[in-house]
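Reading through the C-alpha cells given below for one structure.
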Amino acid sequence: MDKKMLQKSRMWKYFVEAATEIIEEEGARAVTIRKVADRAGYNSATIYNYFDEFSHLLFFASMRLMKDYTVEVTRRMNEESCALDQYVTAWECFCEYSFKQPDIFHSVFIRDLGDNPDHLLEKYYEFYPADLVDVPEEIRMSLLEQNVVKRGNPILKRAVEQSSLDADKTESLNEVTILIWQGMLMNFLNNRIEATPDEAASRTMFYVKEIINRLKSE
C-alpha cells in the first residue's frame, strides 16, 4: 500500500472508530456527522471525502459491533452437518442478536445505503480482514453478500444437494424468511409490538420454522 492509500485508510478508520464509539456510548440513533467529526478531530466536510453517504459510515461502524454475532453464528453452524439444520441455526442466531441490537442490524441489513451499496461489505473486510479469520468459506460467502435476500443461498444450495429441499423452493424460502424478519424488526423498532428482544426473536423463529417445514422435501 503506497503512502497516499495508507493515509486514506487511516483517515477512513478514524471516522469509523469514532462513529463506533458513539454507538457504544449513546446508541446508533445518536450518531451524527458533526459528532463523528468532533470526536475524530476533523470538520464535518472532511468525512465526505471518505464516505459517499452518511449511511455508509453508519453501516461500517455498525459492522464493527457485529463481531460477536459473526463468531457465534460460525460456531453454531459448524456444529451442524445438515445444510437445512444450518439454515435454521443461522436464523436462530441472527434473530437472537438482531433483536438485542436492532438499530445496528437495521443499519447493516435494512437501511437505505444509497446508489452504490454492492461493495460495502467487501470494502469493510478489506480494512478489517481479521473479522473474517476462521470463518468457513460457505459462511464467508453469506457474510459477504450485501443483498440480504441472497445471503442464505450458499446453504440452501447445499440443502438441495442433500435432498432436504427442492431446487424450485430455495428462492421463495429465502425471500419469505427475510420478509418475516424485516417486518418483525421494523415493528419492534417502531414500538408496534409489545415484546422483549427474546420474545420478538422467538416469535420470528416460530414463523421462520413454519415456512421451512412447509417447503422442505418430505
Taking [Y]'s backbone N and O only, do any of them form a donor-acceptor pair with [X]'s side chain (distance below 3.5 Å, no angle check)?
X	Y	result
N174	T170	no
S107	L58	no
Q162	A83	yes
D166	D168	no

Next on the checklist: Against R39, only a single residue in E24, E25, E17 fulfils salt bridge (charged side-chain N to carboxylate O under 4.0 Å, His left out); can you say which?
Outcome noted: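 Only one option passes, and that is E25.
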Checklist entry - Is NZ or CZ of R111 both nearer than 6.0 Å to the six-membered ring centre of F59 and within 45° of the ring axis? => result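 Negative - R111 is either too far from the ring of F59 or too far off its axis.
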Checklist entry - Are K100 and F105 in a cation-pi contact, defined as NZ or CZ under 6.0 Å from the six-membered ring centre and within 45° of the axis? => result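 No; the conditions do not both hold, so K100 does not lie above the ring face of F105.
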Checklist entry - Which of parallel (below 30°), tilted (30 to 60°) and perpendicular (above 60°) describes F60 and F51? => result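 Ring orientation, 0 to 90° scale: tilted.
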Less than 4.5 Å apart, side chain to side chain, heavy atoms only: is that true for [X] and [Y]?
X	Y	value
I23	S62	yes
Y87	L165	no
Y97	I104	no
M184	I193	yes
W181	Y207	no
F94	V73	no
D198	F99	no
M77	E80	no

Check [X] against [Y] and note the closest heavy-atom contact, atom names and distance.
X	Y	value
D131	T70	O-OG1, 4.4 Å
S44	R34	OG-CA, 3.7 Å
V160	A167	CG2-CA, 3.8 Å

Output the distance between atom [atom1] ([X]) and atom [atom2] ([Y]), rounded to the nearest 0.5 Å.
X	Y	atom1	atom2	value
E53	L120	CD	CG	9.5 Å
L113	D52	CG	CG	11.5 Å
M63	T20	CE	OG1	11.0 Å

Would you call [X]-[Y] a salt bridge at under 4.0 Å N-O?
X	Y	value
R75	E72	yes
E92	K209	yes
K157	E161	no
R76	E96	yes

Checklist entry - For the hydrophobic clusters of this structure (ILVMFWY residues joined by side-chain heavy atoms under 4.5 Å, transitively), does one cluster hold both M186 and W91? => result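 Yes, same cluster.
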Next on the checklist: Hydrophobic cluster membership, with links at side-chain heavy-atom distances under 4.5 Å among I/L/V/M/F/W/Y: are V31 and Y48 in one?
Outcome noted: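 In one cluster with V31: Y48, yes.
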Checklist entry - Could you walk me through whether I178 and F109 pass the side chain to side chain contact (heavy atoms under 4.5 Å, CB included) check? => result CA-CA 10 Å; I178 289 292; F109 296 108; over 6 Å; no
Item to check | Worked verdict on T46 versus N49 for side-chain hydrogen bond (donor to acceptor under 3.5 Å, both in side chains) | outcome: CA-CA 5 Å; T46 304; N49 293 329; 4.9 Å; no
Next on the checklist: Against V16, only a single residue in F127, Y128, Y50 fulfils side-chain contact (heavy atoms from CB on, under 4.5 Å); can you say which?
Outcome noted: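 Among the candidates, only Y128 passes.
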Next on the checklist: side chain to side chain contact (heavy atoms under 4.5 Å, CB included), that's the test. Do K123 and H56 meet it? Break it down for me.
Outcome noted: CA-CA 11 Å; K123 184 173 183 179; H56 293 183; over 6 Å; no
